Amino acid sequence: MKSWQWKLPAQPKFDIIVTGLIKKFGNTYTIDLKAIDPARQRYLVTAVEMTDNRDDIPATLRKAASKICNKLESESDKLRKGH
C-alpha cells in the first residue's frame with residue numbers, strides 16, 4: 001500500500017480537509033473519512049461505512065460524506081452555542 005505525506009503551508013487557504021481511505025478485507029469494503037483542521041493539524045470528525053458489494057461503493061462513500069457534513073454542522077452549532 002502506498003502512502004503519501006506532505007507538510008501543509010503555515011497559513012492554509014482552506015478551513016477543512018477531508019481525507020478518505022477505501023479498504024477491502026475479504027468481501028467487505030470499508031470507507032473511512034476524516035475531516036482535518038489544517039491550521040491545528042488535528043481531526044475534527046470521522047465517519048466509517050461498510051459494504052459487501054463493490055457496486056455500492058459510490059453510494060456508501062456518499063453516505064459517509066453525508067455523515068461528515070452532519071457531524072461538522074453539529075460541531076459548528078455547539079461552538080456557536082458555547083458548548
Side-chain angles (χ1 to χ4, degrees):
M1 180 166 75
K2 292 184 178 181
S3 177
W4 291 277
Q5 291 184 347
W6 69 94
K7 187 162 178 80
L8 295 172
Q11 304 234 335
K13 299 189 188 308
F14 38 83
D15 296 326
I16 297 171
I17 297 174
V18 177
T19 65
L21 180 64
I22 300 174
K23 299 181 277 188
K24 182 179 180 191
F25 185 73
N27 292 325
T28 302
Y29 295 88
T30 302
I31 297 174
D32 184 6
L33 299 182
K34 294 178 181 1
I36 302 168
D37 177 342
R40 295 187 183 105
Q41 296 189 4
R42 67 177 185 90
Y43 293 118
L44 298 172
V45 294
T46 64
V48 177
E49 289 293 325
M50 300 165 98
T51 183
D52 291 331
N53 185 345
R54 183 176 185 196
D55 293 335
D56 289 340
I57 290 175
T60 306
L61 180 58
R62 283 190 295 275
K63 188 176 179 182
S66 178
K67 280 186 174 181
I68 288 285
C69 289
N70 291 337
K71 287 180 177 183
L72 286 170
E73 190 172 294
S74 175
E75 290 297 315
S76 179
D77 288 345
K78 286 180 189 175
L79 289 173
R80 276 191 290 256
K81 293 177 183 174
H83 287 91

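In this chain, residues are counted from 1 in sequence order. Given the structure is predicted, the values throughout are model-derived calculations rather than measurements.
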D52, CG atom: more than 12 neighbouring heavy atoms under 6.0 Å: yes
Sorted by chain and number, sequence neighbours left out, side-chain contact (heavy atoms from CB on, under 4.5 Å) with T30 holds for T28, V48, M50
Decide side chain to side chain contact (heavy atoms under 4.5 Å, CB included) for I57 and T51; before the verdict, give the C-alpha distance in whole Å, the side-chain angles of both, and the deciding distance to 0.1 Å. CA-CA 7 Å; I57 290 175; T51 183; 4.2 Å; yes
Within the supplied structure, the quantity of interest is the number of heavy atoms (other residues, nucleotides, ligands) at a distance under 6.0 Å from R54 CZ; does it exceed 12? no
Report the distance from atom NZ of K34 to atom OH of Y43, rounding to the nearest 0.5 Å. 5.0 Å
Extract all donor-acceptor atom pairs below 3.5 Å that involve side chains of residues 60-70 and protein atoms in other chains or at least two apart in sequence.
| residue | atom | partner | partner atom | Å |
| --- | --- | --- | --- | --- |
| T60 | OG1 | D56 | O | 2.8 |
| K67 | NZ | E49 | OE2 | 2.4 |
| N70 | ND2 | S66 | O | 3.4 |

Check step by step if side chain to side chain contact (heavy atoms under 4.5 Å, CB included) holds for I16 and I36. CA-CA 6 Å; I16 297 171; I36 302 168; over 6 Å; no
Before giving the answer on side chain to side chain contact (heavy atoms under 4.5 Å, CB included), spell out for T46 and L33 the whole-Å C-alpha distance, their side-chain angles and the decisive distance to 0.1 Å. CA-CA 6 Å; T46 64; L33 299 182; over 6 Å; no
